[in-house]
Amino acid sequence: MSVANAKQAIFNPVIPFTGLIPGGLQSGEMVVVQGCVLNDADRFQFDLTCGSSTKPRADIAFHFNPRFRSSPCIVCNSLQQGSWGREEILDQMPFKQGASFETIILVQEDVFKVAVNGAHVLEYQHRIPLHRVDTFSVSGKVQIQAIGYVPSSAIFSESGDLSIPYRGSILKGLSPGQHITIKGHVSLFPHSFSVNLRCSESKNIALHLNARIKSGTVIRNSFLSESWGPEEMELSYFPFTAGKYFEIIVLCQTHQFKIAVNGEHLLEYRHRVQDLSSITQLEVLGDLDLQDIKLW
């Protein structure tokens, strides 16, 4: 995700890093961390804390700690009055030693939601009131390119008229790092539904996703210069079921779209429209009910 709309962005900080969050954290905001795990990393951590005191040690509202030794896992916890609480352990590892990553911590009223490289990873219920959190720190074997605190005003959310067919505007077009989240339910007796990213100044469709429920396929294509290109159909699994809830995340990267469904990576699609800023309309149609659309 781009940190261009952040209320503050820090680039290439020296690790360990500790910095004040301007204005503290508010519900709806995001902490975006872009970096690279060191080749010899055994662990690293991100901490959202209540101040930066070391003696006594400041309370930690959210301790996010990937560990690579023996059984790789992510440990989450909170520190209050010098004592750690109950650990929450995720026995999955979305980070790789020597590999770049983007971590997004979405702040909500009752929970932190964490996504890594465009896929949902975990949720952590607040144990310390959000209004006390004013500091972010990074330590361990990790290199950081950027930290951004993105206010909710930089996030477009559509929860008004979500009737099908849905058409929404992407005012400044897409750019690398942006995400589109589409939440809804597949109809009870579905044939198919489609998600289109269109260039509204022409008839071009930069990305056409067509989920065909009965055949269990997701067709990907682009409509350029009055004609469809070659279809892409390969899938490792099919994520949609009649009557069931889904959450699609479309991550726009420099050379491709990455699509995840229900927190699991599904597919990649190389850009056939190179001018991403020309992609200014989202269209959703077919056999589904929409709950929420978000661009962030």
Report yes or no: does D134 contribute a side-chain atom to a donor-acceptor pair with the main-chain N or O of C50 at less than 3.5 Å? no
The side chain to side chain contact (heavy atoms under 4.5 Å, CB included) partners of Q92 (sequence neighbours excluded) come to L90
Centroid separation under 6.0 Å, is that true for the rings of F223 and H208? no
Would you call the rings of F95 and F101 parallel, tilted or perpendicular if under 30° counts as parallel and over 60° as perpendicular? perpendicular
Could you list the residues that satisfy salt bridge (charged side-chain N to carboxylate O under 4.0 Å, His left out) with R198, not counting sequence neighbours? E283
Might you point out which heavy atoms bring N221 and R272 nearest each other, and give the distance in Å? OD1-NH1, 3.0 Å
I'd like a table of donor-acceptor pairs (distance under 3.5 Å, sequence neighbours excluded) in which one partner is a side-chain atom from residues 70-84, with atom names and distances.
from : atom 1 : to   : atom 2 : distance (Å)
N77  : OD1    : G85  : N      : 3.2
N77  : OD1    : R127 : NH1    : 3.1
N77  : ND2    : G85  : O      : 2.9
S78  : OG     : A61  : O      : 2.8
S78  : OG     : Y124 : OH     : 2.7

Within 6.0 angstrom of F189 CZ, more than 12 heavy atoms from elsewhere: no
Salt bridge or not for D59 and R132, using N-O below 4.0 Å? yes
Kindly assign one of parallel, tilted or perpendicular to the pair F64 and F46, based on the angle between their ring planes and the thresholds 30° and 60°. parallel
Rounded to the nearest 0.5 Å, what's the gap from CG on N117 to OG1 on T103? Could you check? 7.0 Å
Between S192 and R212, is there a donor-acceptor pair closer than 3.5 Å when you use the side chain of the first and the backbone of the second? no
Of all the heavy-atom pairs spanning E29 and L25, show the shortest one and how long it is. OE1-CA, 3.7 Å
In terms of heavy-atom contacts, F44 and K141 come closest through CB-N, 3.9 Å
Return yes if some donor-acceptor pair links the side-chain N/O of S222 with the main-chain N/O of A206 below 3.5 Å, else return no. yes
